[in-house]
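Within every chain, numbering begins at 1; the chains are lettered A, B, ... in the order of the sequence lines, protein sequences first and strands thereafter.
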Amino acid sequence: MAAEDFTPGLNFIRTIIEADIKAAKNGGRVHTRFPPEPNGYLHIGHAKSICLNFGLAAEYRGLCNLRFDDTNPGKEDVEYVDSIMADVRWLGFDWQDRLYYASDYFEQLYQFALHLIRTGKAYVCALTADQMREYRGTLTDPGKNSPCRDRSPEESLDLFQRMRAGEFPDGAYVLRARIDMASPNLNMRDPVLYRIRRESHHRTGDRWCIYPMYDYTHPISDALEGITHSICTLEFEDHRPFYDWVLDQLPVPCHPQQIEFARLNLSYTVMSKRKLLELVDKAYVRGWDDPRLPTIAGLRRRGYTPEAIRYFAELVGVAKRESMVDMALLEHCLREDLNRRARRVMAVLRPLKVVITNYPEHQVEELAAENNPEDPGMGTRKLPFSREIYIEQDDFREDPPKKFFRLSPGKEIRLKHAYYIRCDQVVKDTSGNISELRCSYDPDSRGGGTQDGRKVLGTSHWVSAAHAVDAEVRLYDKLLSVPDPADEKEGKDFKEYLNPVSLEIVKGCKLEPGLAAASPGDRFQFLRQGYFCVDSDSSPEQLVFNRAVTLRDSWAKIEKARQNK
RNA sequence: UGGGGUGUGGCCAAGCGGUAAGGCAUCGGCCUUUGGAGCCGAGAUUCGUAGGUUCGAAUCCUACCGCCCCAGCCA
């Protein structure tokens, strides 16, 4: 099914929203937000969330904000906010004038904290981090009240103001909510609201030395922005009671509904920011946009389209069940999109020279080739044909196995858009390697067919030797050699499962001449091989292509099945 | 062992008391100037397990089992 013909079904979130609209909750409004922390690059899992939040807003004629959850200055950076904005835009979404930062709310957050202190809902606590851990209790045992818990509002107010004024060293005090140290939900055992931290913030500089915690910041930010449905991932389900508690204590404009869904997991790759950061930092890959990574930047460089990613986000669905989606589905989405849009071109990755002995020595013909059989509107182009050409090494076998439709001694194949050729002679070098094939062509087969109805099973791509342009082609494969490292032996680090051949660089590839004009980001189908994208390293002098995804390959399947026997 | 979630074919996922959608993957077949694309077909007697309610249960009830998350002054 084509991506744009796909009609999304109902999922549990759409069900909730439709019920809310029907009940005229929030005046029938739908307002979502995508709230990344700028501490890393976005990946395909974030894309699922972006498509969900912006998609829902578009679907129900609502709005979606982009908001940076920047409450932890030590980990955050402008490099990340820039990349995040670029990635969201590239995916095709627009937050218009609604770009927000949690740090924009620091003053309001502070005022709300004062309110909580005055109403006895928060207090300044002097317990150290270690003590606080002890006082918190365990999963099965209730916690103990902090000795500071009964501090008067006046005293807490004074202390909190002095925390802001910078009178105390980092860690000396925190502001805590006063809820219930015996709650079975650890998030309700007087969670920390503010901590002292002398760290420069990428937006507020040194204006603050106290920073609010996520759990306190998030519900208020949502409420201030008039969010109706605050969609987040499953691990925040336990935080929802606190989310609601905060909003219930404060004079905020509205009370958004938090809804949790399962984050995306993809086989053969890693999706945690920590692991991705490690791969980048320790140079296991060539940066955040390495085409092997599931980052948006990596997928973009690899050749993925926003359409393919959006289609994928729709296909994987939204549910509460933890799952592992097969990488094959992502690949399918790209093929689906590019099959109808990508120009077909001929590129020989591992060239084998073929001399057509009965073809006139200096003759060059221009043969017409369609640019995309799926879309005649994409037109045709001319391909030069001459006596010496290159075909793919894999397209010739001196001793062909059964079902091998390609070229072998005495056999005939079709050169796509050109002629039938028959292999007459195999030329080898002194060490016995095949150096060239000598073939003869059938002049009646010009264009790739004859009148006699002769069956030619194999069709090869080719390129005229004298006219070919050289290129480097980077063949990418799975990042990991196992679908899910968590399923493997205990105690092994995920890096032990890194696929050693996730990148193979092939040089001296021969491409049809028109490709000399290709520029970075251009995508093509290399006939019979896959979809390729011009890399950002590419230049007119040194063309570089990335393989985004292979074509489905039934011959490879036959061979693999044979091997497994 | 406290709390919160979740269990539908290999992987996702609909289903919400009336007798198992759809997609990916897999396997057949047709077609083909890409072993691509396209087309046709195959596969859960069964919905974690065991009981129960009902004319009827994946859907309701009970018990049990599995898996995930929570003890950051991270998000």
Side-chain angles (χ1 to χ4, degrees), chain A residues 1 6 9-11 15 35-37 39 69-72 74-76 125 127-129 132-134 136-143 170-171 173-176 183-189 191-197 211 213-215 217-218 232-241 260 262 264 267 273 314-333 335-336 339-340 344 346 369-370 372-374 403-406 414-418 420 445 447-449 456-461 483 525-530 550-558:
Chain A
M1 181 185 321
F6 182 80
L10 216 51
N11 57 47
T15 304
E37 182 189 13
N39 69 343
D69 237 317
D70 54 352
T71 56
N72 188 3
K75 291 185 176 172
E76 297 153 7
C125 183
L127 252 30
T128 65
M132 203 176 291
R133 187 160 37 247
E134 285 169 32
R136 187 154 33 227
T138 68
L139 294 179
T140 49
D141 303 317
D170 288 11
Y173 290 105
V174 293
L175 180 71
R176 290 229 253 170
S183 171
N185 181 345
L186 304 239
N187 296 114
M188 299 299 269
R189 321 243 264 225
V192 170
L193 269 24
Y194 270 89
R195 73 284 213 187
I196 303 173
R197 203 171 270 202
Y211 291 96
M213 300 290 289
Y214 164 86
D215 278 332
T217 307
H218 208 84
C232 62
T233 43
L234 250 30
E235 67 271 26
F236 292 104
E237 208 149 18
D238 289 338
H239 298 234
R240 193 170 64 224
E260 311 84 10
L264 172 71
S267 60
K273 277 190 186 177
E314 204 53 69
L315 284 193
V316 297
V318 179
K320 298 196 69 158
R321 171 176 5 170
E322 297 274 6
S323 62
M324 173 72 70
V325 173
D326 195 335
M327 180 63 90
L329 183 63
L330 214 211
E331 296 183 337
H332 161 78
C333 292
R335 291 191 189 105
E336 184 75 41
N339 174 49
R340 287 166 310 116
R344 265 100 249 233
M346 296 210 276
E370 63 194 348
N372 188 342
E374 302 294 317
K403 291 196 199 167
F404 185 82
F405 302 157
R406 282 113 98 142
R414 169 171 36 240
L415 296 175
K416 179 79 176 175
H417 303 308
Y420 295 171
S445 63
V456 175
L457 280 172
T459 300
S460 282
H461 56 279
Q525 184 196 97
F526 285 4
L527 224 61
R528 303 207 299 139
Q529 311 200 77
T550 61
L551 250 30
R552 294 185 74 224
D553 185 348
S554 50
W555 169 242
K557 267 183 209 167
I558 293 171

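- In this model, the phosphate group of B/U26 is approached by a side-chain N or O of A/Lys557 to a distance below 4.0 Å at OP1 or OP2.
- In B/G38 the O4'-C1'-N dihedral to the base is more than 90° from 0, which defines an anti nucleotide.
- If you check every strand for non-hydrogen atoms under 4.0 Å, A/Pro373 touches a base.
- Nearest nucleotide to the side chain of A/Leu186, out of B/C70, B/G23, B/C74: B/C70.
- Side-chain proximity of A/Leu329 to B/G23, B/G72, B/G3: nearest is B/G23.
- Contact annotation for A/Leu127: base contact, defined as any heavy-atom pair under 4.0 Å involving a base atom.
- Nucleotides B/G43 and B/G28 place their P atoms 16 Å apart, quoted to the nearest Å.
- With B/A75, B/G35, B/A37 as the choices, the nucleotide that has an atom nearest any side-chain atom of A/Glu235 turns out to be B/A75.
- Out of B/U34, B/G35, B/A71, the shortest distance to the side chain of A/Arg136 is found at B/A71.
- In terms of position along RNA chain B, the nucleotide closest to A/Asn339 lies nearer the 5' end than the nucleotide closest to the other residue of the pair A/Asn339 and A/Lys75.
- Taking atom P in both B/C47 and B/G41, the straight-line distance is 27 Å, to the nearest Å.
- For the C1' atoms, the distance from B/C60 to B/C70 is 31 Å, rounded to whole Å.
- Side-chain atoms of A/Glu374 come within donor-acceptor range of the base of B/G36, with a qualifying N/O pair under 3.5 Å.
- The aromatic ring of A/Trp555 is stacked on the base of B/G35, with the two ring centres less than 5.5 Å apart and the planes inclined by under 30°.
- Among the atoms of the strands shown, base atoms are found under 4.0 Å from some heavy atom of A/Gln525.
- Closest to the side chain of A/Arg344, from the set B/A75, B/U34, B/G3, is B/U34.
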List the protein contact pattern of nucleotides 39-44 of chain B with one symbol per nucleotide (5' to 3'): B for base contact, S for sugar-phosphate-only contact, - for none; contact means a heavy-atom distance under 4.0 Å. ------
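- Salt-bridge formation is not detected for the pair A/Glu370/A/Arg344: no Lys NZ or Arg NE/NH1/NH2 atom is positioned less than 4.0 Å from an Asp or Glu carboxylate oxygen.
- As judged by a 4.0 angstrom heavy-atom cut-off over every strand, A/Lys320 is placed among residues touching the sugar-phosphate backbone only.
- Ranking B/G35, B/G3, B/G72 by closeness to the A/Arg528 side chain, first place goes to B/G35.
- For A/Met213, taking side-chain heavy atoms from C-beta onward, the closest of the listed nucleotides B/C74, B/G36, B/G35 is B/C74.
- Closest to the side chain of A/Thr140, from the set B/G23, B/U1, B/G10, is B/U1.
- Under 4.0 angstrom from either OP1 or OP2 of B/U26 there lies at least one side-chain N or O belonging to A/Arg552.
- Under the 30°/60° scheme for interplanar angles, the aromatic rings of A/His218 and A/Tyr214 are found to be tilted.
- Contact annotation for A/Tyr211: no contact, since no heavy-atom pair falls under 4.0 Å across all strands.
- Remark: A/Ser267 is not in phosphate contact with B/C11, judged by side-chain N or O atoms under 4.0 Å from OP1 or OP2.
- In this structure, A/Phe404 reaches the bases: a heavy-atom distance under 4.0 Å links it to at least one base atom across the strands shown.
- At the heavy-atom level, A/Thr138 lies under 4.0 Å from base atoms of the strands shown.
- Closest to the side chain of A/Asp326, from the set B/G10, B/C74, B/G35, is B/G10.
- Taking side-chain N and O atoms only, A/His332 has a distance below 4.0 Å to OP1 or OP2 of B/C24.
- Comparing B/G2, B/G72, B/C70 against the side chain of A/Pro184 picks out B/G2 as the nearest.
- If you check every strand for non-hydrogen atoms under 4.0 Å, A/Val174 touches a base.
- Regarding contacts with the backbone of B/C74, a side-chain N or O of A/Arg195 is found under 4.0 angstrom from either OP1 or OP2.
- Taking atom C1' in both B/A44 and B/A20, the straight-line distance is 8 Å, to the nearest Å.
- For a distance-only test at 3.5 Å, the side chain of A/Arg133 fails to qualify as a donor-acceptor partner of the base of B/G72.
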Restricting both atoms to N or O, compile the protein contacts to nucleotides 66-68 of chain B shorter than 3.5 Å, with distance only.
residue	atom	partner	partner atom	Å
B/C68	O2'	A/Glu322	OE2	3.2

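- Neither OP1 nor OP2 of B/C74 sits under 4.0 Å from any side-chain N or O of A/Thr71.
- On a pure distance criterion of 3.5 Å, no polar donor-acceptor pair joins the side chain of A/Asn185 and the base of B/G4.
- A/Ala319 comes within 4.0 angstrom of sugar-phosphate atoms only, judged by non-hydrogen atoms across all strands, and of no base.
- Look at A/Arg240 and you won't find any side-chain N or O under 4.0 angstrom from OP1 or OP2 of B/C70.
- Residue A/Ile196 is classed as having no contact, given no heavy-atom separation below 4.0 Å to the nucleic acid.
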